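Heads up, the thing below is written out as C-alpha cells.
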Amino acid sequence: MNIQEEINKADAVVIGAGAGLSTAAGFTYSGLRFYKYFSDFAKKYGIQDMYSGGFYPYEDLETFWAWWSRAIYINRYLDAPKNTYGILYDLVKDKDYFVLTTNVDHQFQKHGFDKRRLFYTQGDYGLFQSSNPTIMKTYDNKEIIEKMLEAQGFIKVNGIYEVPQTPLKMRIPTEFIPYCPDDGLPMNTNLRCDDTFVEDAGWHAACKRYNDFIDHHQQGRVLYLELGVGMNTPVIIKYPFWKMTKANPQARYISINKGEAYAPAEIASQSLCINDDILHALGGE
C-alpha cells in the first residue's frame, strides 16, 4: 500500500488534518520563528513558544492584543514557508474529497481547496467573536490586526509586515482594543479553548456538509487520510477514522505523523502508518 496508489483507487478521500500538518508546512511555534516576532515577550515574560504565550495572563488588554495581533498575523495572513498544503492539494484535487481539520490557520483555502469541502472544527485565527457566546456571530479581523501591527512599529514591505530594526512596542493603543459591534463587550479570538467558543452559521453549515459527505460514503473504497493528528483531541479525527475504517471492509486508513503514526490491531490490514515528515511522505522536499 502506498499513498498515491490508494488516493488513485479511492472513490472518496476524507482528510483529517491536525497541527502536525501545519508544522510540516513550516508553521512552527517555537525556535527561530518564535524569536523573530516575540523576542521582547520572551525576555519580559519568559515565554518560550507561541502556544504557551496565548495562555499567558497579560496585565491588560493592550498587551494581550499586542501579543495576539502578532500571533494571528504570522499564522493566518502570512503564507506557510513550505508548500506542504499545495502538494496535498495536487494529490487530491481531482478526487471526491472532504477535509476535517482542527487547524485554525486557513492554509487549506490559501492553497486551493474548495471552502465548501472544509470543516474547521476549532475556529479560525481570522475571526473574532464576542466574549459573550450567546452572540452567535463571528467577525473578520484582518483590518484591525494590521492596525495593531502598525501601532507596534511593524513596517510593511512588499505587502508584508516585517519586524523593524528598532524595538517594537508591546502594547497597542487603547482605542484599538476590539469590541463587539452587537453587544459592546470585548472581543475574543474565535478559537475553541473553553465553553465560550462560538459556533456560528458558517460553522454549522460546514458541519452539515461534512456529515452529509460521511453519510454518503459509508461504503465503497473510502480512504481516510490522517495527517499530523496526535492525541490532544483524538475524538475529533483519529477515533472516528478508526471506527469508520473498521465498519467498511473496503476502506483504507493512512496515518502520517512523525513518531506518532499507528493504528489499532483491528484495522491493521487496512492501514498504512508512516512515521515520517509529512512533506517528505507526500513527495515533497
Side-chain angles (χ1 to χ4, degrees), residues 1-28 33 74-127 142 159-160 202-203 205-214 216-217 220-230 236-238 240-241 244-245 251-258 261 272-274 276-285:
M1 188 189 301
N2 67 63
I3 300 168
Q4 184 67 73
E5 180 181 316
E6 290 302 321
I7 290 174
N8 292 342
K9 291 190 297 185
D11 300 321
V13 180
V14 186
I15 298 169
L21 178 59
S22 286
T23 299
F27 271 174
T28 53
R33 188 166 178 265
I74 67 174
N75 293 304
R76 171 61 168 76
Y77 294 112
L78 290 184
D79 292 335
K82 301 177 184 178
N83 191 36
T84 310
Y85 281 89
I87 292 171
L88 176 62
Y89 177 66
D90 287 339
L91 290 172
V92 303
K93 63 183 179 181
D94 296 323
K95 305 299 295 187
D96 189 8
Y97 72 84
F98 208 103
V99 176
L100 173 67
T101 182
T102 56
N103 294 342
V104 296
D105 50 29
H106 207 65
Q107 290 303 300
F108 282 103
Q109 280 176 258
K110 293 187 76 171
H111 286 84
F113 286 82
D114 182 352
K115 67 179 181 180
R116 293 186 61 82
R117 293 176 176 267
L118 299 173
F119 180 25
Y120 290 89
T121 65
Q122 307 299 76
D124 184 342
Y125 274 139
L127 299 175
K142 184 178 182 181
I160 296 175
W203 188 97
C207 180
K208 184 180 186 305
R209 289 194 294 269
Y210 173 72
N211 287 327
D212 289 346
F213 187 90
I214 294 299
H216 185 69
H217 294 291
R221 191 88 181 189
V222 182
L223 171 62
Y224 298 97
L225 179 58
E226 182 191 284
L227 304 169
V229 177
I236 297 175
I237 297 172
K238 187 178 293 291
F241 276 22
M244 290 185 288
T245 301
R252 296 293 182 267
Y253 168 74
I254 296 178
S255 173
I256 310 175
N257 197 7
K258 194 171 185 179
L272 174 64
C273 298
I274 302 174
D276 194 4
D277 176 80
I278 297 172
L279 176 60
H280 181 259
L282 294 179
E285 298 180 358

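Positions are given from 1 along the sequence. Just so it is clear, the model here is predicted, and its values are computed rather than measured.
Between Phe27 and Arg33, the closest heavy-atom pair is CD2-NH2, 3.2 Å. Heavy-atom minimum distance, Arg116 versus Arg209: O-NE, 3.2 Å. Contact between Gln109 and Leu118 at its shortest, heavy atoms only, is CG-CD1, 3.3 Å. Nearest heavy-atom pair, Asp105 versus Tyr125, reported as atom, atom and distance to 0.1 Å: CA-CD1, 4.2 Å. Counting all heavy atoms, side chain and backbone alike, Gln107 lies closest to His111 at O-ND1, 2.9 Å. What you find for His280 and Asp276 is that their closest heavy atoms are ND1-OD2, 2.6 Å.
In this structure, the side chains of Thr101 and Leu21 stay at 4.5 Å or more apart for every pair of heavy atoms. Between Ile3 and Ile256 there is a side-chain heavy-atom pair separated by less than 4.5 Å. When side chains are defined from C-beta on, Glu6 does not count as touching Leu272, because their heavy atoms never get closer than 4.5 Å. Side-chain contact between Tyr77 and His106 is absent, with no heavy atoms from C-beta onward closer than 4.5 Å.
A donor-acceptor pair shorter than 3.5 Å cannot be found between the side chains of Thr102 and Gln122.
To the nearest 0.5 Å, the span separating CD1 on Ile7 from NZ on Lys95 amounts to 8.5 Å. Taking CG of Leu282 as the reference point, atom CD1 of Ile87 lies at 7.0 Å (rounded to 0.5 Å). Separating the CG atom in Leu227 from the CG atom in Asn103 is a distance of 10.0 Å, to the nearest 0.5 Å.
No donor-acceptor pair under 3.5 Å is formed between the side chain of Lys258 and the backbone N or O of Ile278. Judged by distance alone, the side chain of Lys82 and the main-chain N or O of Leu279 form no donor-acceptor pair under 3.5 Å. Counting only distance, with no hydrogens or angles, the side chain of Asn257 and the backbone of Val229 share a donor-acceptor pair below 3.5 Å.
Legend: residues meeting side chain to side chain contact (heavy atoms under 4.5 Å, CB included) with Leu78, ordered by chain and number and at least two apart, are Tyr37, Tyr73, Ile74, Ile160. Judged as a side chain to side chain contact (heavy atoms under 4.5 Å, CB included), and not counting sequence neighbours, the contacts of Ala251 are Tyr224, Thr245, Asn248, Gln270.
For Arg117 and Tyr97, the positive end sits near the middle of the six-membered ring, less than 6.0 Å away and at most 45° from its axis.
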Do any side-chain atoms of residues 11-19 form donor-acceptor pairs under 3.5 angstrom with protein atoms, and if so which ones, sequence neighbours left out?
{"unit_1": "Asp11", "atom_1": "OD2", "unit_2": "Arg221", "atom_2": "N", "d": "2.8"}

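The only option from Trp203, Phe113, Phe98 that meets the ring pair (Phe, Tyr, Trp, His ring centres under 6.0 Å) definition with Phe119 turns out to be Trp203. When each of Leu223, Asp212, Val222 is tested with His217 by the rule side chain to side chain contact (heavy atoms under 4.5 Å, CB included), just one qualifies, namely Val222.
For Lys9, the NZ atom is densely surrounded, since the number of other residues' heavy atoms within 6.0 Å is greater than 12. Surrounding NZ of Lys142 are at most 12 heavy atoms belonging to other residues, nucleotides or ligands under 6.0 Å away.
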